[in-house]
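Here is how names work: the chains are called A, B, and so on, in the same order as the sequence lines, proteins then strands, and each is numbered from 1. Because the structure is predicted, anything quoted here is derived from the model rather than measured.
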Protein chains: 2
Amino acid sequence: MRLNTKSAFLQERIKFEKHLSLSGLQISRARKIVFNEAIRNHGHFTSEELAKICFNKNKISRATVYRVVKDLLESGVIRETAFGDKHHHYEHIYDEKPHHHAQCLRCHEFIEFPDMKEDERYRPYLEKRGFKILGHEMHFYGICEKCQNQQKMK
Amino acid sequence: MRLNTKSAFLQERIKFEKHLSLSGLQISRARKIVFNEAIRNHGHFTSEELAKICFNKNKISRATVYRVVKDLLESGVIRETAFGDKHHHYEHIYDEKPHHHAQCLRCHEFIEFPDMKEDERYRPYLEKRGFKILGHEMHFYGICEKCQNQQKMK
DNA sequence: TCGCATATGAGACACTGTATCATAGTTAAC
DNA sequence: GTTAACTATGATACAGTGTCTCATATGCGA
């Protein structure tokens, strides 16, 4: 964990609250709780998982959690990771180094690798078309080392 | 459209049929029809859209289309685009220039932009870890121009 | 504190993708 | 061409995810 963890957390909260007020939304109890649980979670999570946690701890309803997840996404506090199964996966950005994912088509395991800022060359193209970029992900797919070896053994 | 369109189409069909026979699957009427409709479609499509087309034209049932889409995926004729709304999106690979996608979080519309080969710098990193890369996609998300304007009008 | 706009919870709902199973179609051997 | 064995199909039911509705509760500016 980095030294600036506390202030990074605060920055995220400020980012979120700023987004809310700019959008005419309230800083309600439910939004605070869902925000905290999303930040507390240090892996990937789905809306359903977050909803279960928030309901068990604080009786926040499923519908509300789904609604707040959208706010978190739009504020840039969490991002959607580009997975292929039928759930939406998210991860928070706070205290994380920018990274991308490579996924094995057989075992569906992930490899994370650092962001090398290669996206910068794409930005002008999208911004010229009026697209407001909130995030990006480089998504590789293929076969991981383990699965390649298993195939050889057959 | 490129000059080699016809032969490229044939190659795709051979690729598909080869996959089927290697997997012990039959080259049935339904599989031929779904293959043709997937190739005919020159944008993104979801299983549901494909199912509607195949049912209206040829009375192929929804369940069958979903099953054939899996075959098409595994044979490499179509690929899943790494997207986040609740449908799976596919596009066929035949006759397409490499490109990536940006998606609006509100209206879910896509912008396509050309591949600038920025992924090349990531390859050594993944290959060093034994990951066999079969493809990649750069995925941007944000708010499109139209949706930004709609927010302002409120 | 009051009044109004926004948020919430509970449940119903729509939709996607999968499973089941009886029937139909395909293939290969003869 | 027939037959037998296997695979594919269609119809339907089902589970799970995410959205919508609406009555009630809460937050916020005056």
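Residues that satisfy the ring pair (Phe, Tyr, Trp, His ring centres under 6.0 Å) test with A/Phe45, not counting sequence neighbours, are absent from this structure. Under the side-chain contact (heavy atoms from CB on, under 4.5 Å) criterion, A/Tyr125 pairs with A/Arg129, B/Phe113, B/Pro114, not counting sequence neighbours. Under the side-chain contact (heavy atoms from CB on, under 4.5 Å) criterion, A/Lys15 pairs with A/Glu12, A/Val77, sequence neighbours left out. Legend: residues meeting side-chain contact (heavy atoms from CB on, under 4.5 Å) with B/Glu127, ordered by chain and number and at least two apart, are B/Arg123, B/Ile133.
Residue B/Arg67 is in base contact, counting any heavy-atom pair closer than 4.0 Å across all strands shown. Across all strands shown, B/Lys70 has heavy atoms under 4.0 Å from sugar-phosphate atoms exclusively, and none from any base.
Considering CZ of B/Phe35 and CD1 of B/Ile27, their distance stands at 11.0 Å, rounded to 0.5 Å.
Computed from coordinates, the B/Leu50 CG to C/dT16 C1' distance equals 14 Å when rounded to whole Å. Atom pair B/Lys32:NZ and C/dG25:P shows a separation of 14 Å (rounding to whole Å applied). Separating the CD atom of A/Glu48 from the C1' atom of D/dT19 is a distance of 13 Å, rounded to the nearest angstrom. Spacing between atom OH of B/Tyr66 and atom P of D/dT9 amounts to 16 Å, rounded to whole angstrom units. Distance A/Leu72 CG to C/dA7 C1': 15 Å, rounded to the nearest Å. Taking atom CD1 of A/Ile33 as the reference point, atom C1' of C/dG9 lies 14 Å away to the nearest angstrom. Distance B/Lys52 NZ to C/dA14 P: 14 Å, rounded to the nearest Å.
Contacts between residues 56-65 of chain A and DNA chain C, counted as heavy-atom distances below 4.0 Å, involve A/Lys59, A/Ile60, A/Ser61, A/Ala63, A/Thr64.
B/Glu17 contributes no side-chain N or O that, together with a main-chain N or O of B/Ile14, makes up a donor-acceptor pair within less than 3.5 Å. Not a single donor-acceptor pair under 3.5 Å links the side chain of A/His92 to the backbone N or O of A/Ile78.
A salt bridge links B/Glu37 to B/Lys57: one of the charged nitrogens lies within less than 4.0 Å of a carboxylate oxygen. A salt bridge links A/Glu48 to A/Arg62: one of the charged nitrogens lies within less than 4.0 Å of a carboxylate oxygen.
Annotation: of the two residues near DNA chain D, B/Phe55 and B/Arg31, the 5′-most nearest-nucleotide partner is B/Arg31.
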Please list each protein N or O that sits under 3.5 Å from an N or O in nucleotides 25-30 of chain D, with the distance.
residue, atom, partner, partner atom, Å
D/dG27, O4', A/Gln26, OE1, 3.2

